[in-house]
Asker: 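Next up is a structure, given as structure tokens.
Just so it is clear, the structure is predicted and the values come from calculations on it, not from any experiment.
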Amino acid sequence: MVARNLADPRNIDVFALAKSGGLVSGEMALARFLRLCTGLPEQDGLAAWQVRGSMGLGTGKTGVISGQPLLHLHVRAGLLLDCQRCGQPFTFAVDAQSALQLVESEADLDDDLGVLQDDEDPFFDDEDGEDENAAAVPSVGYPEKVVGSRHFDLLAQIEDELILNVPYVPRHEVCPGAQASAAAEQEPAERRPSPFAVLEQLKRK
């Protein structure tokens with residue numbers, strides 16, 4: 001597998017990348033993804049991305065045709081979002097994987113996948129291990145068809161992947177205020193001053 005960083009990830013021959021089985025990767029400030037940042041709080045983090053090319057071996061499980069050029073995307077980022085329940089900001093971990101089936105023209109987008117083989121061809125290898133703080137990664141399923149080119153904008157595709165992973169209603173699993181209330185309720189009774197004891201002290205004064 002060929003691994004290299006791109007001088008210009010906005011202009012790459014993705015068909016050549018798929019044929020060579022190349023692996024390209026990089027990082028980019030989230031603030032530079034203008035479509036993603038529209039309507040979101042100011043972003044100060046990075047998006048780390050990896051794109052691997054391959055030629056499909058053919059599987060009934062994934063719908064990949066033998067010899068079909070593919071791109072496998074892996075994107076990780078910590079998005080700053082406003083909780084829609086309490087209004088406080090929080091970091092939402094994105095760890096997303098997807099597969100793209102490259103076609104030559106828009107007319108090919110509606111073509112059937114064709115006859116499938118039974119070989120197993122897992123799309124991704126988690127080389128970096130699992131991140132316990134990351135969002136759950138959904139199963140990849142059938143690859144989405146996109147029109148490839150010899151001057152493909154990979155960063156636009158990475159931005160699309162990030163946008164798709166922004167939750168429709170962002171919110172904490174447990175809001176900070178709710179945590180404080182729950183902690184107060186669980187505090188042992190002997191640690192909390194009795195209102196009657198406080199009243200008795202006032203009477204003595």
Side-chain angles (χ1 to χ4, degrees), residues 5-6 9-10 23-52 61-63 70-101 122-146 153-198:
N5 291 320
L6 295 176
R10 297 184 185 275
L23 175 68
V24 294
S25 61
E27 290 185 342
M28 183 170 175
L30 289 168
R32 295 180 61 186
F33 293 111
L34 301 183
R35 289 185 293 120
L36 169 70
C37 292
T38 300
L40 297 184
E42 184 176 353
Q43 304 292 316
D44 58 3
L46 294 173
W49 54 269
Q50 174 180 291
V51 179
R52 177 169 63 86
K61 184 177 181 181
T62 62
L70 301 168
L71 295 181
H72 312 289
L73 279 63
H74 191 176
V75 186
R76 290 181 175 178
L79 300 178
L80 186 63
L81 305 177
D82 287 329
C83 177
Q84 299 300 299
R85 183 162 45 199
C86 70
Q88 298 299 312
F90 72 104
T91 300
F92 179 78
V94 173
D95 189 346
Q97 302 182 46
S98 65
L100 303 177
Q101 177 184 349
F123 279 167
F124 302 100
D125 294 321
D126 189 3
E127 298 175 354
D128 299 325
E130 296 182 358
D131 183 353
E132 61 182 6
N133 296 318
V137 179
S139 58
V140 175
Y142 278 27
E144 176 187 356
K145 289 185 179 182
V146 297
D153 188 345
L154 277 181
L155 292 184
Q157 199 66 52
I158 297 300
E159 185 172 20
D160 287 346
E161 192 67 27
L162 288 168
I163 291 172
L164 287 172
N165 280 273
V166 175
Y168 183 69
V169 182
R171 59 188 181 185
H172 294 97
E173 289 188 8
V174 180
C175 294
Q179 286 180 325
S181 298
E185 290 177 1
Q186 294 175 1
E187 184 180 358
E190 59 270 22
R191 291 188 180 179
R192 288 176 280 177
S194 167
F196 299 104
V198 174

Asker: Where is the tightest heavy-atom contact between W49 and I158, given as atom of each residue plus distance?
Answerer: CB-CD1, 3.7 Å

Asker: Contact between L36 and L79 at the side-chain level, heavy atoms closer than 4.5 Å - yes or no?
Answerer: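 In contact.
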
Asker: Which atom names give the shortest non-hydrogen contact between Q101 and P143, and what distance separates them?
Answerer: N-CB, 4.0 Å

Asker: What pairs of donor and acceptor atoms, side-chain ones from residues 84-93 against any protein atom, are under 3.5 angstrom apart with sequence neighbours left out?
Answerer:
unit_1: Q84; atom_1: NE2; unit_2: D82; atom_2: O; d: 3.1
unit_1: R85; atom_1: NH2; unit_2: H172; atom_2: O; d: 2.4

Asker: Does any part of the side chain of F33, heavy atoms only, come nearer than 4.5 Å to the side chain of I163, both counted from C-beta?
Answerer: no

Asker: Go through the steps to decide whether L30 and L162 satisfy the test side-chain contact (heavy atoms from CB on, under 4.5 Å), and finish with yes or no.
Answerer: CA-CA 10 Å; L30 289 168; L162 288 168; 4.1 Å; yes

Asker: Once you round to the nearest 0.5 Å, how far does CD of E144 lie from CG of L164?
Answerer: 7.5 Å

Asker: Quick check for you: to the nearest 0.5 Å, what is the distance between Q97 atom CD and H74 atom NE2?
Answerer: 4.5 Å

Asker: Which residue, Q157, H72, E161, forms the side chain to side chain donor-acceptor pair (under 3.5 Å) with S98?
Answerer: E161

Asker: Report yes if some heavy atom in the side chain of E42 is under 4.5 Å from a heavy atom in the side chain of L80; otherwise report no.
Answerer: no

Asker: Does a side-chain heavy-atom distance below 4.5 Å link L81 with P167?
Answerer: yes

Asker: Which of these, L73, L70, V51, sits in a side-chain contact (heavy atoms from CB on, under 4.5 Å) with L100?
Answerer: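 Of the listed options, the one satisfying the test is L73.
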
Asker: Does any non-hydrogen side-chain atom of V146 lie less than 4.5 Å from one of L71?
Answerer: no

Asker: Quick one: which of P176, C175, P170 gives a side-chain contact (heavy atoms from CB on, under 4.5 Å) with C83?
Answerer: C175

